[in-house]
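Remarks on the structure that follows.
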Amino acid sequence: MIEEIGRVLSTEEGFAEVETIRTSSCTSCRARHGCGHHAIAQVSSSNRMRMRAIDPLSVEIGQNVVVGIPEDTLLQASIWMYMIPLLGLVGGAVIPSLWGGGSGIAVIFSIIGFAAGLLLARSKSNQEMNNLDYYPKILRIESLHDDRIPMVVTS
């Protein structure tokens, strides 16, 4: 499961809109609390991402939550979005060489193959738009904010 921490912006029946900060591998790094890259990523609005997530926990607006998506789901989506257009590009470039076609024809066929791959990817994306298997899911509610340190008073 690939996990990311986010903040709940809004809720609706069974779903929540969650804003996460794209930090690449920062969340798994032990030095993230003292790292400048992580701090810049939190401040910059270009690294923020909003997503609609399945909400089995009935979260509230403003809560910090952990959202997750299974690795195999992400792998399938990546294959459709990246591999299929790339296969169209390579296949279009190779096919003219089978009958001895020139490089100009190979370029045209590769562009056609790439465009066909993009159309297939778009078609698959539209087909799976309402498939809940491709939605991230809220896994748990974070009990403490990372930027707060709990204070314990002993006397």
Side-chain angles (χ1 to χ4, degrees), residues 1-95 106-150:
M1 184 75 70
I2 298 171
E3 298 180 357
E4 189 74 40
I5 297 173
R7 184 177 302 252
V8 177
L9 299 177
S10 66
T11 59
E12 62 184 74
E13 187 66 35
F15 291 94
E17 185 178 17
V18 178
E19 182 181 64
T20 61
I21 298 171
R22 277 187 259 166
T23 54
S24 61
S25 59
C26 288
T27 55
S28 60
C29 180
R30 290 180 182 212
R32 69 176 182 246
H33 297 293
C35 176
H37 178 71
H38 183 70
I40 290 172
Q42 287 184 326
V43 173
S44 173
S45 63
S46 64
N47 291 330
R48 297 182 186 275
M49 183 175 147
R50 291 183 177 186
M51 65 182 75
R52 187 173 185 226
I54 298 171
D55 178 18
L57 305 174
S58 299
V59 296
E60 297 175 3
I61 295 173
Q63 285 183 319
N64 286 337
V65 295
V66 175
V67 293
I69 189 166
E71 289 96 352
D72 59 337
T73 301
L74 188 63
L75 182 62
Q76 288 175 3
S78 298
I79 286 173
W80 273 101
M81 296 301 125
Y82 297 108
M83 187 64 92
I84 299 300
L86 186 63
L87 285 175
L89 177 82
V90 173
V94 170
I95 287 175
V107 169
I108 292 171
F109 272 55
S110 65
I111 291 171
I112 292 171
F114 183 69
L118 288 175
L119 289 174
L120 279 172
R122 183 177 179 180
S123 172
K124 179 69 174 175
S125 175
N126 289 335
Q127 186 181 24
E128 300 293 340
M129 186 174 289
N130 294 323
N131 186 350
L132 295 180
D133 292 338
Y134 287 97
Y135 278 73
K137 184 177 181 180
I138 295 177
L139 302 175
R140 61 185 176 275
I141 300 170
E142 288 287 300
S143 59
L144 291 175
H145 298 280
D146 284 340
D147 54 351
R148 294 182 185 176
I149 299 171

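Side chains are part of it too, since the values below use all heavy atoms of this structure and drop only hydrogens, waters and symmetry mates. Starting from 1, each residue takes its place in the sequence as its number.
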Subject >> Contact summary for Pro136 and Met51, nearest pair of heavy atoms >> reply: CG-SD, 3.5 Å

Subject >> Residue pair Ala121 / Trp80: nearest heavy atoms and the distance that separates them >> reply: CB-O, 3.2 Å

**OP:** Indicate the atoms forming the closest heavy-atom contact of Ala16 with Val59, along with that distance.
**Re:** CB-CG2, 3.9 Å

Original post:
If you round to the nearest 0.5 Å, how far is CG of Leu86 from CE of Met83?
Top reply: 6.5 Å

Original post:
Roughly how far apart are Tyr135 OH and Asn130 CG, rounded to 0.5 Å?
Top reply: 5.5 Å

Original post:
Hey, what do you get for CG (Leu139) to CD1 (Ile54), rounding to the nearest 0.5 Å?
Top reply: 10.5 Å

Subject >> Shortest non-hydrogen separation from Lys137 to Pro56 and the atoms involved >> reply: CE-CG, 3.8 Å

Original post:
Rounded to the nearest 0.5 Å, how far apart are CD1 of Ile84 and CG of Leu118?
Top reply: 11.0 Å

**OP:** Say whether, by atom type as modelled, one donor and one acceptor occur between the side chain of Glu71 and the main chain of Met1 under 3.5 angstrom.
**Re:** yes

Original post:
Just how far is it from atom CD1 of Ile69 to atom CG of Leu75, taken to the nearest 0.5 Å?
Top reply: 11.5 Å

Original post:
Looking at side-chain heavy atoms only, is the closest gap between Lys124 and Gln76 below 4.5 Å?
Top reply: no

Original post:
Do the side chains of Glu142 and Val66 get nearer than 4.5 Å, heavy atoms only?
Top reply: yes

Subject >> side-chain contact (heavy atoms from CB on, under 4.5 Å) partner of Thr20, chosen from Arg48, Arg7, Arg50, Met49 >> reply: Met49

Original post:
More than 12 foreign heavy atoms under 6.0 Å from CZ of Arg52: is that the case here?
Top reply: yes

Original post:
Do you know the tightest heavy-atom contact between Leu9 and Ile61?
Top reply: O-CG2, 3.6 Å

Original post:
How far does CG of Leu119 sit from CZ of Phe114, to the nearest 0.5 angstrom?
Top reply: 10.5 Å

